[in-house]
K.L.:
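Below: one structure in structure tokens.
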Amino acid sequence: MNDLYKTSHLQYEYVPFPELGHGSQFHTYDTHDGRVLKLPLTKEETYVVVSKRRHNMNPLSSKEIAPLDTRIHTIINGKARIPAMLNHSFYNAKDFLSILGNPTIIDAEKVLPEDRPGKEWGAGRVIYTQDKLTMVGDMLKGFGEQPTLKAGDISKIKQIIDLYIEQTYKLWSYGYADYVFKLGDTGFDTAGNFVLADLGEYSSDPTFMKKALADKRWLHSIIPDKIDFPQIPAQLHDYFAATLNNAFTIEQFMSRWRTQHHCSSCKATDDNVISAFIAAKVAEIDFVDRW
Amino acid sequence: MAKIPEITIQGTVYNYRYIDHGAQFRVYAILTADGKETGRAIKVPLSFEESRHVLAPHLESLEFTDDEIDRRTHALLLRKQQLPSLLQGMYANDKRLMYLLGNLKLVPVLAHPEKSSTEYFMPLHFTQDHVQTMADFMHPFRFVQTPPYHITLQDTRRAKQLMRAIVELHYHLWEYGIFEISFKLENIGIVPHGRNGIQAILVDAAEHTYDAELAEAAIKKQRWYNCLKPEKTDHLFLPTILHKEYSDICNRAFTVEEFRKHWRKRSDVIERRAGRRLWVRQALTRNSKKELSIWIERQTLHNDLHRGMPKDRVDAMLIPHADLRMLLESGHVGDLPLSDIEQQEKAERTMHEGNQDSMLEIYRHTFPTITP
């Protein structure tokens with residue numbers, strides 16, 4: 001159902017923005033105008049979410065806590081990369097942003113309080129709005145309760161898998177890639193366009209992406225133990241694995257990578273020794289913050 | 001009507017006469033500038049300190065620590081945030097349900113207190129119909145053996161009518177998958193209905209759950225008995241003379257069998273109908289993109305039917321921001337002496353505690369003889 005109430009631009013006018021959900025990076029709120037507001041979780045909130053997801057609510061052992069810290073670090077870094085990606089000076093920025101649900105960054109420094117013990121955002125001080133979507137993850141959860149699927153449902157889920165590949169290819173052509181490959185983090189806007197929704201898990205590093213492709217992390221969507229991945233119904237496991245294994249190869253990736261990346265900034269820095277040095281040093285961080 | 005210490009706050013457009021408070025809101029009748037009733041009341045959110053002040057005496061009597069009381073208060077403040085969900089989607093579209101929630105509307109203004117404060121998570125104000133409070137309705141039934149209160153045949157009819165209306169109110173909520181979990185009588189208000197009838201409406205809807213398991217557990221615990229127990233100081237105490245009638249009606253009405261019969265009866269029908277409509281639309285479309293989009297809509301229908309706030313749930317009285325802020329900051333919870341009604345309730349609770357047998361005797365000799 002669409003909201004009949006629209007917020008106006010009066011200074012104080014407000015109708016509660018209901019929380020539609022949250023992952024490990026952002027809370028999502030419905031702003032009643034066909035858009036959602038994404039507010040970052042604090043480091044402490046992320047810790048709670050991640051430890052629950054990975055361990056089915058059981059307390060963590062001391063051995064488990066160390067890798068958890070690394071994972072939280074990665075999650076925060078993922079958020080920190082968002083503004084650079086969205087503000088990249090593409091000539092056809094509108095087309096690029098439409099793949100991601102037309103996100104718009106909000107100046108977090110003006111609205112988020114300073115970090116204090118117990119309430120820290122760190123580098124993940126990123127807030128944005130985005131088109132409101134009907135999430136594929138929600139739909140997949142609904143199918144989890146059904147023992148068998150109808151033929152019509154099977155064909156529609158196959159259609160979604162095919163759209164997912166199509167949109168992923170499009171994103172690769174701009175020089176960005178989702179390294180988690182979570183089909184549940186996609187959705188449809190009101191015009192029926194398929195959108196990649198989760199901006200905090202993207203990389204522009206082809207070397208890293210080749211490793212992620214070799215990991216075949218999309219298969220987590222058919223491994224029931226991976227409780228943070230909405231699961232594909234069992235009847236479609238073979239189709240899902242075969243189609244994505246075939247589509248997400250290093251060869252396919254390299255043939256599409258940055259083919260549509262036309263911008264005003266990348267070339268200018270290529271010849272600059274200092275910029276190249278900084279880029280190389282900063283890239284080293286990528287080897288620290290992957291789990 | 002018994003005397004209540006009158007506090008009226010003068011606003012810039014309206015005046016606000018204090019009625020009462022619970023643990024979550026203070027309630028004021030909204031009056032026009034020249035003092036006329038508008039028929040509406042405004043619910044002003046309590047701060048952390050105010051809520052704690054209300055909760056603490058009862059929790060201290062149960063030997064809760066300060067930390068535990070803080071945690072309970074914190075949870076209560078969070079629960080208050082779920083109230084707008086009752087004004088959305090299929091709930092908002094049911095006129096009768098909205099009537100039973102006192103025609104609750106959200107004031108679309110976010111009025112923070114002057115100083116930045118963490119005492120409020122999100123200070124939401126609501127308006128609702130100004131109705132008779134349960135404490136006021138029950139007042140004539142207290143100390144029935146002492147003049148000037150003598151209950152009449154008409155009074156007993158009204159009491160029974162009210163109890164049946166309370167049952168109907170709960171049933172209607174259950175049919176939408178909403179369960180008022182506290183069974184607090186003071187959460188219910190009374191409105192006249194027809195020539196001699198009365199209707200019960202939920203004036204404090206913040207204590208609800210959508211979880212059937214929690215609901216069944218509350219039924220098995222027979223929470224409606226709390227208003228009969230003098231030690232339950234966080235519940236309005238039911239006049240002793242009404243105890244038996246109330247117990248009989250509630251015991252018959254609030255059973256797991258009745259719950260299962262009513263639970264989600266209406267909401268499931270609405271969902272099935274909406275699902276069928278979408279199915280037809282999907283079957284008729286020739287555009288594959290559109291078809292996929294409708295199919296997705298069908299899969300997420302359950303959630304979608306509970307979202308979206310229609311305009312008529314947003315208050316249109318244009319209560320100024322300055323008034324809301326003033327109401328927010330004029331916290332007088334805990335400052336007021338007990339009203340006549342509250343004193344009488346407290347007295348009856350104390351009397352019942354020490355004198356249960358004689359009170360039951362009063363019931364035996366009084367209530368049945370005048371019941372038709």
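Per chain, numbering begins at 1; letters A, B, ... match sequence-line order. No hydrogens, no waters, no symmetry mates; every other heavy atom, side chains included, goes into these values.
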K.L.:
For the CZ atom on Arg79(B), are there more than 12 heavy atoms of other groups (residues, nucleotides or ligands in this structure) within a distance under 6.0 Å?
P.N.:
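Yes, the 6.0 Å shell around CZ holds more than 12 heavy atoms from other groups.
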
K.L.:
Determine whether Phe194(A) and Lys289(B) satisfy the following criterion, side chain to side chain contact (heavy atoms under 4.5 Å, CB included), listing intermediate values before the conclusion.
P.N.:
CA-CA 10 Å; Phe194(A) 187 79; Lys289(B) 189 174 167 187; over 6 Å; no

K.L.:
Please evaluate residues Ile160(A) and Leu292(B) with respect to the criterion side chain to side chain contact (heavy atoms under 4.5 Å, CB included), reporting the C-alpha separation (whole Å), side-chain torsions for both, the decisive distance (0.1 Å), and the verdict.
P.N.:
CA-CA 9 Å; Ile160(A) 292 171; Leu292(B) 179 63; 4.1 Å; yes

K.L.:
Quick one: of Thr134(A), Asp138(A), Val136(A), who has the most non-hydrogen atom pairs under 4.5 Å with chain B?
P.N.:
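That would be Thr134(A).
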
K.L.:
Less than 4.5 Å apart, any side-chain heavy atom of Arg307(B) and any of Pro18(A)?
P.N.:
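A side-chain contact under 4.5 Å is absent here.
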
K.L.:
Let me know if Pro16(A) has heavy atoms under 4.5 Å from chain B in its side chain, its backbone, both or neither.
P.N.:
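Both parts, backbone and side chain.
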
K.L.:
Specify the closest pair of heavy atoms between Thr300(B) and Met135(A), including all atoms of both residues, with the distance to one decimal.
P.N.:
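Answer, listing the atom of Thr300(B) first, then Met135(A): CG2-O, 4.4 Å.
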
K.L.:
Report, as yes or no, whether the 6.0 Å neighbourhood of atom CD on Glu44(A) holds more than 12 heavy atoms from other residues, nucleotides or ligands.
P.N.:
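Correct, the count exceeds 12.
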
K.L.:
In terms of heavy-atom pairs under 4.5 Å, which option from Arg313(B), Lys290(B), His302(B), Glu291(B) contacts chain A the most?
P.N.:
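Between Arg313(B), Lys290(B), His302(B), Glu291(B), the count favours Glu291(B).
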
K.L.:
Does any backbone or side-chain atom of Leu140(A) lie under 4.5 Å from a heavy atom of chain B? Answer side chain, backbone, both or neither.
P.N.:
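For Leu140(A), no heavy atom lies under 4.5 Å from chain B.
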
K.L.:
Among Arg298(B), Gln299(B), Gln282(B), find the residue that satisfies the side chain to side chain contact (heavy atoms under 4.5 Å, CB included) test when tested with Lys156(A).
P.N.:
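Single pass found, and it is Gln282(B).
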
K.L.:
Going from CD1 on Ile296(B) to CD on Gln159(A), what distance comes out if it is rounded to the nearest 0.5 angstrom?
P.N.:
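That separation rounds to 9.0 Å.
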
K.L.:
Count the heavy atoms of every other residue, nucleotide or ligand shown that sit under 6.0 Å from CG of Asp238(A), and state whether that count exceeds 12.
P.N.:
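No.
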
